[in-house]
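Both counts, for ligands and for their atoms, begin at 1 and track the order of listing. All values reported here derive from a predicted model rather than from experimental measurement.
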Amino acid sequence: MFNLILFGPPGSGKGTQSEKLINKFGLKHLSTGDLLRSEIANQTKLGLEAKSLMDKGQLVPDAVVVGMISSALDNNPYAKGFLFDGFPRTTAQAEALDNLLSQRGAAINILLALNVTEEELVKRLLNRGLTSGRSDDTNEEVVRARIVEYNKKTSAVADYYRQFDKVVMIKGEGTVDEIFDALCQAIMAKQTA
Ligand code: AP5
Ligand code: MG
């Protein structure tokens, strides 16, 4: 199994690059943001509870997303590997993920961190908000709250994996294809190491 975390702040391009990477490397895409939005669309209890936090740009509780990921791993027993997008977002989630994978004889192989300036993030998200229908993209205050939440709780996840020498920083500005090439090179270097 080859398991990778595509890491970075809101708007850094995780979703955009995930679509291309899963096709090239045959991985199963697990995005906790997408899973939560599908719970909201289906009006489940979990979705309704998550929506009020997401609309404020705050993280949902660790137990909720860890439970969703655990089920997704169970539901895909024959996957060649997973691409985690938007997860883990706290050190507690990272520790839980390592446990879930080790119970299945697997581990995280690499964390690719997309590096984008705050001004570019805000510009991209507000621009997407014009058409995406995502309620957390339409208001600059909420967009900035998501970035604050990232700096406060999520950036530490890269430090957690750095101690195991699994982190590669990637410049997240440029064309989508340039960034994709840099991500592919980092993955292939790891696969042949
Ligand atoms: P989530 O859905 O994960 O959103 P996010 O991380 O805030 O970021 P985005 O998905 O908006 O950005 P992205 O990095 O995927 O970039 P994208 O490719 O879309 O989370 C939403 C919420 O759910 C959270 O706030 C939280 O409440 C909750 N949640 C989710 N996971 C959780 C967890 N694990 N724990 C707790 N709570 C959780 O690109 C953005 C835009 O930029 C697009 O319009 C795109 O077209 C454009 N773009 C992409 N690449 C480029 C480029 N190279 N140049 C110019 N524009 C570009
Ligand atoms: Mg995304």
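Contact detail for F25 and Q191: the closest heavy-atom pair is CE2-OE1, 3.9 Å. Minimum heavy-atom separation, G174 to I179: O-CD1, 3.8 Å. Summarising the geometry of D98 relative to Y161, their closest heavy-atom pair is OD1-OH, 3.2 Å, with the distance given to 0.1 Å.
If you look at N127 next to ligand 1, there are no close heavy atoms at all, none under 4.0 Å. Within the 4.0 Å heavy-atom criterion, the part of Q93 lying near ligand 1 is the side chain and not the backbone. At a 4.0 Å heavy-atom cut-off, ligand 1 touches R37 through the side chain alone. Counting heavy atoms closer than 4.0 Å to ligand 1, residue A50 contributes nothing at all. Looking at M54 against ligand 1, both its backbone and its side chain come within 4.0 Å, counting heavy atoms. Of the heavy atoms in V64, none comes closer than 4.0 Å to ligand 1.
A salt bridge links R144 with E118; the closest basic N to acidic carboxylate O contact falls under 4.0 Å. Comment: D74 engages R104 in a salt bridge, judged by a side-chain N to carboxylate O separation of less than 4.0 angstrom. Under a 4.0 Å N-O distance rule, the pair D137/R146 qualifies as a salt bridge.
At distances below 3.5 Å, not a single donor-acceptor pair connects side-chain atoms of R162 with backbone N or O atoms of V167. Side chain of E39 to main chain of L48: no donor-acceptor pair is present (N/O by atom type, distance under 3.5 Å, no hydrogens or angles). The backbone N or O of A107 lies less than 3.5 Å from a partner atom in the side chain of N3, making a donor-acceptor pair. Q185 contributes no side-chain N or O that, together with a main-chain N or O of A182, makes up a donor-acceptor pair within less than 3.5 Å.
At most 12 heavy atoms of other shown residues, nucleotides or ligands fall within 6.0 angstrom of atom CD in E141. By the neighbour-count criterion of 12 heavy atoms within 6.0 Å, atom CG of N75 is densely surrounded, having more than that number from other residues, nucleotides or ligands. The environment of CD in Q163 is crowded: more than 12 heavy-atom neighbours from other residues, nucleotides or ligands sit within 6.0 Å. Around NZ of K28, the count of heavy atoms belonging to other residues, nucleotides or ligands within 6.0 Å does not exceed 12.
Summary of contacts: the protein heavy atom closest to atom 10 (O) of ligand 1 is R134 NH1, 3.3 Å. In terms of protein heavy-atom proximity, atom 19 (O) of ligand 1 is closest to R128 NH1, 2.6 Å. The single protein non-hydrogen atom nearest to atom 27 (O) of ligand 1 is Q58 O, 2.6 Å, given as residue, atom name and distance. Remark: minimum distance from atom 46 (O) of ligand 1 to any protein heavy atom is reached at T16 OG1, 4.2 Å. Taking atom 55 (C) of ligand 1 as the reference point, the nearest protein heavy-atom neighbour is R124 NE, 3.6 Å. Closest to atom 25 (O) of ligand 1 among all protein heavy atoms lies R146 CG, 4.1 Å. Regarding atom 37 (N) of ligand 1, its nearest protein heavy-atom neighbour is V60 N, 3.1 Å. Protein heavy atom closest to atom 33 (C) of ligand 1, with residue, atom name and distance, is R89 CD, 3.3 Å.
Set against the non-hydrogen atoms of G86, the atoms of ligand 1 under 4.0 Å away are 31 (N), 32 (C), 33 (C), 34 (N). Close contacts between ligand 1 and L125 involve ligand atoms 11 (O) [criterion: under 4.0 Å to a heavy atom]. With ligand atoms numbered from 1 in the order given, ligand 1 contributes 53 (N) to contacts under 4.0 Å with heavy atoms of I179. Set against the non-hydrogen atoms of P9, the atoms of ligand 1 under 4.0 Å away are 14 (O). Per-residue contacts place G15 under 4.0 angstrom from the following atoms of ligand 1 (heavy atoms of the residue considered): 13 (P), 15 (O), 18 (O).
Distances between N or O atoms of T32 and those of ligand 1 include at least one value under 3.5 Å. Checking only distances, L36 never comes within under 3.5 Å of ligand 1, N or O to N or O.
In this structure, G174 is part of the shell of residues with a heavy atom less than 4.0 angstrom from ligand 1. The shell of residues lying under 4.0 angstrom from ligand 1, judged by heavy atoms, excludes S18. In this structure, V65 is part of the shell of residues with a heavy atom less than 4.0 angstrom from ligand 1. Heavy atoms of G8 come nearer than 4.0 angstrom to ligand 1 in no pair at all.
Classified by interplanar angle (parallel below 30°, tilted 30° to 60°, perpendicular above 60°), the ring pair F84/F87 is tilted.
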